[in-house]
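This report refers to the structure that appears directly beneath it.
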Amino acid sequence: GLNFSRHISDIEIHPSNPDVFFVAVQGAQYGPSKERGIYKTLDGGITWKKVLYINDRVGASSLSMDMNNPRILYAAMWEHERTPWQMKSGGPDSGIYKSTDGGYNFTLQSNSPNILSWEVDGSGEDGQGTYDLALAVSPTNENIIFTGGINIWKSTNGGVDFNISSHWYGADGTEYVHADQHILKYNPANGILYSGNDGGLYKTEDNGTFWTDISDDLQITQFYKIGI
């Protein structure tokens with residue numbers, strides 16, 4: 001089972017077989033944890049197999065499945081350490097991983113730039129992934145993925161390279177979207193991508209070229225989940 005998983009960040013269920021699903025395990029909040037990683041079940045959660053594990057400091061912060069081709073999965077792995085006096089976020093073992101065989105094998109796609117950084121070019125060594133780190137795959141193109149930390153980043157080649165899509169104060173003319181992305185979710189019917197963050201709800205209708213704030217009339221600010 002997952003008795004010592006502590007914190008689970010994502011669950012992805014196979015679109016045609018509900019007994020097959022994956023969980024992204026962040027692991028223990030304080031101290032190392034060998035239970036971190038991506039787990040898969042074939043029997044509705046009765047038994048589990050760990051299918052992606054980096055080390056006891058790297059947790060699975062986000063997981064996304066291509067619902068048109070569930071053999072494609074992306075996982076965001078985040079190296080971190082939290083103590084009573086500091087939060088260490090990010091490290092050389094963080095990265096974006098991809099599976100093309102239904103989660104049996106994962107391959108590192110990239111570990112730079114730092115998609116958790118505050119910087120517009122991803123040059124910072126630190127960042128924030130405690131409750132920020134979202135991942136979404138295009139419903140029409142498995143190679144287009146978006147990640148959200150403080151800012152939103154886009155890849156058009158399956159996570160090998162990333163370019164910034166939005167920045168928390170619009171540095172260097174980049175599109176502005178409020179900081180701290182908690183959820184990125186596509187509407188598969190029309191391809192619109194939504195972002196829920198600390199400042200509201202945003203959408204893009206052109207795969208990240210322009211973003212629009214659609215939360216003006218909502219009396220709440222922070223969004224963590226979106227259902228479509």
Side-chain angles (χ1 to χ4, degrees), residues 9-10 12 22 24-27 36-38 50-66 69-81 88-130 132-168 171-172 174-175 177 179-186 193 195 204 207-209:
S9 56
D10 268 326
E12 288 288 342
F22 298 81
V25 174
Q26 187 71 266
R36 306 187 197 279
I38 303 293
K50 187 188 293 185
V51 293
L52 178 59
Y53 174 74
I54 311 302
N55 58 50
D56 61 8
R57 303 181 310 279
V58 178
S61 284
S62 192
L63 179 67
S64 186
M65 176 188 290
D66 183 342
N69 181 5
R71 294 174 62 83
I72 305 296
L73 296 105
Y74 289 93
M77 306 300 288
W78 173 48
E79 182 178 347
H80 66 286
E81 180 183 6
K88 181 180 179 181
S89 176
D93 290 327
S94 302
I96 300 293
Y97 287 77
K98 180 180 181 180
S99 174
T100 59
D101 59 5
Y104 289 100
N105 298 281
F106 283 84
T107 303
L108 176 65
Q109 300 296 95
S110 64
N111 57 9
S112 65
N114 180 4
I115 58 174
L116 294 177
S117 169
W118 284 271
E119 306 300 329
V120 70
D121 60 357
S123 61
E125 295 182 358
D126 207 344
Q128 184 165 297
T130 313
D132 305 339
L133 193 44
L135 182 61
V137 183
S138 166
T140 58
N141 186 337
E142 68 183 56
N143 290 310
I144 296 178
I145 64 173
F146 285 83
T147 61
I150 296 170
N151 305 307
I152 299 175
W153 293 79
K154 177 183 178 180
S155 172
T156 59
N157 58 4
V160 177
D161 300 293
F162 280 91
N163 292 296
I164 197 160
S165 176
S166 74
H167 186 260
W168 63 285
D172 295 344
T174 305
E175 278 288 289
V177 172
D180 297 351
Q181 315 306 315
H182 306 304
I183 180 71
L184 291 168
K185 194 174 184 66
Y186 271 101
L193 176 64
S195 165
T204 175
N207 268 323
T209 302

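Counting all heavy atoms, side chain and backbone alike, Glu175 lies closest to Ser165 at CB-O, 3.5 Å. Here the closest heavy-atom approach between residue Leu193 and residue Ala136 is recorded as CD1-CB, 4.1 Å. Closest approach of Ala60 and Ser9 over heavy atoms only: O-OG, 2.7 Å. Of all the heavy atoms in Phe22 and Gly102, the pair that sits closest is CZ-O, 3.1 Å.
Two residues are said to be in side-chain contact when any heavy atoms from C-beta on lie closer than 4.5 Å; Asp180 and Ile150 meet this criterion. A 4.5 Å side-chain heavy-atom check between Arg36 and Met77 finds every atom pair outside the cut-off.
For the atom pair Thr100 OG1 and Tyr74 OH, the distance stands at 9.5 Å (nearest 0.5 Å). Separation of atoms CD1 (Ile145) and CG (Leu184) is listed at 11.0 Å; rounding is to 0.5 Å. Here CD of Gln109 is found 10.0 Å from CG of Asp161. Values are rounded to the nearest 0.5 Å.
For residues 98-117, the pairs satisfying salt bridge (charged side-chain N to carboxylate O under 4.0 Å, His left out) are Lys98-Glu142, with sequence neighbours left out. Residue pairs meeting the ring pair (Phe, Tyr, Trp, His ring centres under 6.0 Å) criterion with at least one member in residues 145-167, sequence neighbours excluded: His167-Tyr169. The salt bridge (charged side-chain N to carboxylate O under 4.0 Å, His left out) contacts involving residues 106-115 comprise nothing, where partners must be two or more places apart or lie in separate chains.
Listed by chain and number, the residues in a side-chain contact (heavy atoms from CB on, under 4.5 Å) with Ser123 are Glu119, Asp121 (sequence neighbours excluded). Under the side chain to side chain donor-acceptor pair (under 3.5 Å) criterion, Asp10 pairs with Ser62, not counting sequence neighbours. The side chain to side chain donor-acceptor pair (under 3.5 Å) check on Thr204 picks up Asp206, with sequence neighbours excluded. Evaluation of the side chain to side chain donor-acceptor pair (under 3.5 Å) rule for Thr156 yields no partner, not counting sequence neighbours. Residues forming a side chain to side chain donor-acceptor pair (under 3.5 Å) with Ser138 (at least two apart in sequence, or on another chain): Thr140. Every side-chain contact (heavy atoms from CB on, under 4.5 Å) that Phe106 has, sequence neighbours left out, goes to Ile38, Val51, Leu52, Leu73, Ala75, Tyr97, Ser99. Residues satisfying the side-chain contact (heavy atoms from CB on, under 4.5 Å) criterion with Glu79, sequence neighbours excluded, are Arg57, Val58, Pro92, Asp93, Ser94.
The closest side-chain donor-acceptor pair between Ser64 and Glu12, if any, does not fall under 3.5 angstrom. With no hydrogens or angles considered, a side-chain donor-acceptor pair links Gln181 and Ser195 at under 3.5 Å. Residues Thr209 and Asn207 have side chains that never bring a donor and an acceptor to within less than 3.5 angstrom of each other.
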| message | What verdict does the side chain to side chain contact (heavy atoms under 4.5 Å, CB included) test give for Ile152 and Thr147, after you've listed the backbone C-alpha separation in whole Å, the side-chain angles of each residue and the deciding distance to 0.1 Å? | response | CA-CA 6 Å; Ile152 299 175; Thr147 61; over 6 Å; no
| task | Run the numbers on Ser155 and Asn157 for side-chain hydrogen bond (donor to acceptor under 3.5 Å, both in side chains), then give the verdict. | result | CA-CA 6 Å; Ser155 172; Asn157 58 4; 3.0 Å; yes
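In this structure a side-chain-to-backbone donor-acceptor pair under 3.5 Å is present from Asn151 to Trp168. A distance-only check finds no donor-acceptor pair linking the side chain of Asp172 to the backbone of Thr174 [under 3.5 Å].
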